[in-house]
Amino acid sequence: MTATDAKDAKADLHFYLQSARDALLWKLEGLSEYDIRRPLTPTGTNLLGLVKHVASVELGYLGDTFGRPSGEPLPWLDEGAETNADMWATADESRAFVVELYRRAWAHADATIDALPLDTVGRVPWWSEGKDEVTLHHAVVRVIADTQRHAGHADIVRELIDGAVGMREDNTAMPSGDSAWWEDHRERLERAAREAGRGA
């Protein structure tokens, strides 16, 4: 791979990573402290917890893994921490605290991506010894996949809260229908599901 190819590959990876980051943070906008923390699935999925989790993921895979610790204290990942503590925010972990942690994680991860060749090999501290090696390229793709997955979770959670949908405010990537159109559309899907269920 030439230096130009490597630069282009990094630019592509960064574009998709940043798109996912921005989409996830947009889901918090305009909501109350309660709504960004509300558990809306049986497993407790909530918007601010998703942001806290992906910040932790970036600092691990694109920091510690490549010998570039951020120095950020992440007590929810310490040995003996409560199970799943990275997936929700306590009452004293403010929106500003979690969002700023995420933005610092971006900066730290981006510095790692900029500083190292994509074929740099790192070791994931929480993977089994002997199976813990990963290239920077693989780690970045893994973080993109994880962030996009959680942005999808955030799409659904936000829609359940107030009906807001889409990737960004200026690009929802959704058909432009009014509430009556969407109600008709949903009812049509419900009828199709019932019909299919009767035939099964």
Side-chain angles (χ1 to χ4, degrees), residues 13-66 68-114 122 124-126 139-173:
L13 292 167
H14 187 262
F15 173 81
Y16 285 101
L17 178 55
Q18 192 60 51
S19 295
R21 291 164 168 168
D22 292 339
L24 190 54
L25 279 191
W26 179 55
K27 297 300 174 179
L28 301 178
E29 289 185 18
L31 294 180
S32 68
E33 285 296 322
Y34 170 69
D35 282 336
I36 63 172
R37 297 161 185 274
R38 290 171 63 182
L40 284 163
T41 70
T43 57
T45 304
N46 65 91
L47 295 172
L48 195 60
L50 292 171
V51 176
K52 181 179 172 182
H53 170 73
V54 294
S56 306
V57 166
E58 286 210 28
L59 290 170
Y61 279 110
L62 300 176
D64 298 336
T65 294
F66 294 94
R68 297 170 59 89
S70 67
E72 293 282 353
L74 304 175
W76 48 87
L77 297 181
D78 289 345
E79 190 173 335
E82 178 185 333
T83 301
N84 224 34
D86 64 320
M87 296 296 292
W88 63 284
T90 64
D92 59 352
E93 291 170 342
S94 69
R95 175 196 321 238
F97 166 78
V98 174
V99 169
E100 285 309 310
L101 172 68
Y102 192 27
R103 291 187 186 281
R104 290 192 304 275
W106 296 0
H108 190 74
D110 290 349
T112 297
I113 296 167
D114 288 344
V124 182
W126 54 95
V140 175
V141 170
R142 188 180 194 93
V143 170
I144 292 169
D146 188 69
T147 307
Q148 290 286 7
R149 176 174 180 256
H150 292 308
H153 294 150
D155 283 342
I156 294 167
V157 170
R158 179 66 190 253
E159 186 174 358
L160 290 171
I161 293 170
D162 67 356
V165 296
M167 293 172 52
R168 298 189 314 265
E169 187 172 13
D170 63 338
N171 177 15
T172 65

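All of these numbers come straight from a predicted model, not from anything done at the bench.
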Which distance, rounded to the nearest 0.5 Å, do you find between the [atom1] of [X] and the [atom2] of [Y]?
X	Y	atom1	atom2	answer
L62	H108	CG	NE2	8.5 Å
D64	L59	CG	CG	7.5 Å
E33	L48	CD	CG	7.5 Å
T45	R38	OG1	CZ	13.0 Å
L17	D146	CG	CG	10.5 Å
R95	E29	CZ	CD	9.5 Å

[X] versus [Y], closest heavy-atom pair with distance:
X	Y	result
L47	I161	CD1-CD1, 3.8 Å
Y102	E58	CE1-OE2, 3.8 Å
L160	L40	CD1-O, 4.3 Å
P75	A81	O-CB, 3.5 Å

Under 3.5 Å: donor-acceptor pair, side chain of [X], backbone of [Y]:
X	Y	value
K52	A85	yes
R37	T90	yes
D155	K27	no
N46	G44	yes

Problem set entry | Step-by-step side chain to side chain contact (heavy atoms under 4.5 Å, CB included) determination, L101 to L74 | CA-CA 10 Å; L101 172 68; L74 304 175; 4.2 Å; yes
[X]: side-chain hydrogen bond (donor to acceptor under 3.5 Å, both in side chains) partners, not counting sequence neighbours:
X	result
Q18	R21, D22
D86	H53
S94	none

Problem set entry | Pairwise ring pair (Phe, Tyr, Trp, His ring centres under 6.0 Å) hits with a residue in residues 69-92, at least two apart |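 Every pair satisfying ring pair (Phe, Tyr, Trp, His ring centres under 6.0 Å) with a residue in residues 69-92: there are none.
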Exercise. Hey, are the side chains of P125 and T65 touching, using non-hydrogen atoms and a 4.5 Å cut-off?
Worked result: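 With C-beta onward as the side chain, the pair touches.
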For this session: Kindly write out the residues that satisfy side chain to side chain contact (heavy atoms under 4.5 Å, CB included) with R103, not counting sequence neighbours, or none if the list is empty.
Result: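 L25, V99, E100, W106.
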Problem set entry | Residues in side chain to side chain contact (heavy atoms under 4.5 Å, CB included) contact with D162, at least two apart in sequence or another chain |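 Scan of D162 (side chain to side chain contact (heavy atoms under 4.5 Å, CB included), adjacent residues dropped) gives L31, R158, A164.
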